[in-house]
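Note that these values count all heavy atoms, side chains included, but never hydrogens, waters or copies made by symmetry. Since we're looking at a predicted model, the values are computed, not measured.
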Amino acid sequence: MLQIIGYADRMTVRPGETIEFKISCEAGAASYRAEILRLICGDDSPKGPGFKARSIGSPVTGKYPGRRQPIHAGSYIRVAPAPALDRLRSITITANIWPTTPGKGEQLLIGRGDHKTGFALVIGPAGDVALRIGEALVGTGKQLRARQWYGIQASYDASSGKVEVSQTPLAQLVRDDSGGRAGGTARLTPSPAATALVMGQGYNGKIEAPRIADPDQGLVAAWDFSQGIGTTHITDLSANGLHGETINLPTRGMVGAGWNGHAFNWRDRPDLYGAIHFHDDDLYDCGWKTDFAWQLPADLPSGFYAAHVTCAEDETGEDFIPFFVCPPKGKTRAPVAFIASTATFMAYANSHHGHEDPIAEICYGALLKFTPTDLFLIQRRDLGVSTYDRHSDRSGSCYSSRLRPILNTRPKSRLWNFNADLHIVDWLDGIGQACDIITDEDIHREGLSLLKPYRAVIAGSHPEYHSAAMLDALEDYLGQGGRLMYLGGNGFYWRIAFHDSLPGVIEIRRGEAGTRTWESHPGERHLSFTGEPGGLWRSSGRAPQRLVGVGFASEGFDVNSYFLRSPGSFDPRADFIFEGVGADERIGDFGSLGGAAGFELDIADPALGTPPHALVLAQSVEHSNVYAVTPEELISAQPGTDGIEHPKVRADMTFFETPQGGAVFSTGSISWASSLAHNGYDNNVARITGNVLKRFIDPKPIE
């Protein structure tokens, strides 16, 4: 197991600001050491450039006492203590529920108190609806069916001690014998006055329209989950105002029992979206205590950084907690900026889908190899899942947060996302090119004003996830003469939203198209944070080809290949790009991943928005039959959709000019950056990339 893990309170920090680090010694180490590193390269693979980092002398460096910090996963609703709850004696509770794991054991639907005092409407140990009054439990005795709507009711009469519980299937035209009713007796001991009411804790499934009443007070609470869908607030319609807050982000904007396909956006008919889906492995914020903090010096260079913490000599006894130092607000320190794809890092955070997918080895064309991090994540689902994973109840994971250890966003890990982007950082450092680091989340918040001062910006190896504000800013930047170098593949693909008030969390809904590991249910494909449609940007009329000339078309993970120059590369407009590159050279038949064309590949397509004047400079060749065309590129199932036969299994390198003297250069391949360092940065991949960068930071307009 990993012996030490941690996270920071932010991913982006500027000189003069303070960043806090939260550490947990998982194996019980009494102490650990910490230092700050500037990361240059994370590729420590046998064919790679090697791990490179520079220690930053800081007050952080030193020894710290170790402790294990707890994680409290699982979403729920908390309603603060109130006099109306204290006065409860006789109780009637009603709700609609849609359980997803009714057989997993007792799960709280709504309750107050513990097993000695108070009440709790639960899914009981038998998988039925049951009312717990203190230590007594009365259930229907009929196991609920998973993913079936039920109307449930439970009542307790204080004078007689009589308990009644019922569950009624709500599906129409279905012959269902899972309904039931039962009775019993119990004696309620009221909970202490300071006790909160809780809904959904430890439960997997949906709850809709919970209500509490008693004979003395009448209606005590009537919660309407269709109000405030984009918030963490829960509204009570009763006169008591027993409003609540969601904890750990249960999924909102979910269809209720009455949804009938007449509306597909919760903003149009919120009354049909009165359900919340709870999961026992939801996690927004670990809530760990801070172990040490660092106020960044005013002159600290922009870059990729990490707090390096160690408690043992082997790889299980160290962790790197990454963060990005951006230039001071409103200032630039270089003519070019590199965009750190924090939204993509969050989307893949602690992903389980690779080793949980039964066909993963077919997709990779090889046996899976598990790292210590993989094995640790398999054991520790309390660290939360990625947006590629299914929850423990097999529903798709819509939200992902950075306020937890993200163990696959590290150097010395697989050459994917964060660690692959360090290849570009390493190349820039190797050629002595000054570069500011900015993040896509900052672009979302600050828009064009963040990009405008730079002559050129670089998008990394896999900038897959973008909000509308991020795409708007990039389009505006290009429209005003900016230059964009897209050095990756499968970029600008999925639509996401950031939460307005909760820091560091994204949402995605996966629709009918796209390469996806799960699919949102009908009616649940609009983002709860904003009401925008989810799914591919292509499905919203903004295919990547419109922005960068190319878009995702195929993927494969066995063997990478190389590019050959296309006729467009001999157009005089492209002369500067291929200066020093021969007409017949294989471009990128080398590198730590075996070649510059691989993993996920993008192609030009005028029908999807590739500008008519765009030049296709080079195309990749000789991909294996493990490479397959993406679903959205196929109108129907067809044979020959792999790399041996299908013409769309390729990467297109493209270039086109934009208004006001700007331009876009795209490589169309995730693994392009892995070839930059080959032969001491002296190779045709580095030469082409360097030629483009040199021209793009030249203020002379690109006609």
Side-chain angles (χ1 to χ4, degrees), residues 9-10 72-82 95-96 110 196-201 203 205-211 221-256 259 263-279 282-287 343 346 384 387 391 395-404 441 444-445 467-469 495-509 520-521 523-534:
D9 67 332
R10 54 174 67 187
H72 303 290
S75 56
Y76 59 96
I77 291 169
R78 183 182 186 275
V79 177
N96 295 330
I110 179 169
L197 181 139
V198 176
M199 287 181 266
Q201 193 165 36
Y203 168 61
K206 298 179 186 178
I207 300 176
E208 179 185 37
R211 299 164 66 95
W223 291 282
D224 182 0
F225 297 163
S226 72
Q227 297 195 28
I229 283 176
T231 73
T232 60
H233 187 64
I234 298 298
T235 300
D236 171 27
L237 301 180
S238 80
N240 293 313
L242 298 180
H243 308 306
E245 291 291 324
T246 62
I247 309 298
N248 274 338
L249 284 175
T251 310
R252 304 191 69 173
M254 306 299 274
V255 299
W259 186 78
F264 289 85
N265 187 343
W266 57 265
R267 288 190 179 278
D268 297 334
R269 288 288 305 275
D271 58 303
L272 300 177
Y273 287 84
I276 292 179
H277 195 148
F278 301 86
H279 304 94
D282 280 329
L283 180 64
Y284 165 57
D285 186 351
C286 280
M346 280 191 275
T387 64
H391 288 288
S395 63
S397 172
C398 297
Y399 307 136
S400 184
S401 161
R402 56 173 165 76
L403 295 175
R404 54 183 172 133
E441 187 171 358
H444 174 83
R445 306 292 181 196
S467 69
R495 185 173 193 156
I496 63 158
F498 288 91
H499 200 281
D500 281 343
S501 58
L502 294 178
V505 62
I506 62 168
E507 178 185 11
I508 182 172
R509 300 292 173 108
S520 299
H521 287 287
E524 297 177 350
R525 291 169 182 165
H526 281 71
L527 300 165
S528 66
F529 291 174
T530 61
E532 299 169 286

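- With Asn265 contributing its side chain and Gly531 its backbone, the two residues share a donor-acceptor pair below 3.5 Å.
- With Arg269 contributing its side chain and Trp259 its backbone, the two residues share no donor-acceptor pair below 3.5 Å.
- Considering every non-hydrogen atom in both Gly256 and Ala275, the closest pair reads CA-CB, 4.0 Å.
- Within the 3.5 Å criterion, the main-chain N or O of Thr231 finds no donor-acceptor partner in the side chain of His499.
- In this structure, the side chain to side chain donor-acceptor pair (under 3.5 Å) partners of Arg509, at least two apart in sequence or on a different chain, are Glu507.
- Shown here for Arg495 and Ala468, the closest heavy-atom pair between the two residues is NH2-CB, 4.2 Å.
- Between Glu441 and Arg402 the shortest side-chain heavy-atom distance falls below 4.5 Å.
- No donor-acceptor distance shorter than 3.5 angstrom exists from the side chain of Arg10 to the backbone of Pro503, with no hydrogens or angles considered.
- In this structure, the side chains of Val505 and Met346 stay at 4.5 Å or more apart for every pair of heavy atoms.
- In terms of modelled atom types and a separation under 3.5 Å, the side chain of Trp266 and the main chain of Leu527 share a donor-acceptor contact.
- Between Ile77 and Phe278 there is a side-chain heavy-atom pair separated by less than 4.5 Å.
- When atom types are taken as modelled, the side chain of Ser75 and the backbone of His279 share a donor-acceptor pair closer than 3.5 angstrom.
- Nearest approach of Pro270 to Arg267, heavy atoms of both residues: CD-O, 3.7 Å.
- Looking at every heavy atom in both residues, Tyr273 comes nearest to Gly253 through CD2-O, 3.4 Å.
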Leu502 and Phe529: side-chain contact (heavy atoms from CB on, under 4.5 Å), yes or no, with the steps?
-> CA-CA 10 Å; Leu502 294 178; Phe529 291 174; over 6 Å; no
Show the atom names and distances, to 0.1 Å, of all donor-acceptor pairs under 3.5 Å that link a side chain in residues 242-250 to residues at least two apart or in another chain.
| from | atom 1 | to | atom 2 | distance (Å) |
| --- | --- | --- | --- | --- |
| His243 | ND1 | Asp236 | N | 3.0 |
| Glu245 | OE1 | Thr232 | OG1 | 2.7 |
| Glu245 | OE2 | His233 | ND1 | 3.2 |
| Asn248 | OD1 | Tyr284 | N | 3.0 |
| Asn248 | ND2 | His72 | O | 2.9 |
| Asn248 | ND2 | Gly74 | O | 3.1 |

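- Lys206 pairs in a side-chain contact (heavy atoms from CB on, under 4.5 Å) with only one of the listed residues (Ile276, Val255, Asn96, Thr251), which is Val255.
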Between Ser528 and Ile229, does a side-chain contact (heavy atoms from CB on, under 4.5 Å) hold up when you go through it step by step?
-> CA-CA 6 Å; Ser528 66; Ile229 283 176; 4.0 Å; yes
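- The minimum heavy-atom distance between Glu208 and Gly274, with the atom names listed, is CG-O, 3.2 Å.
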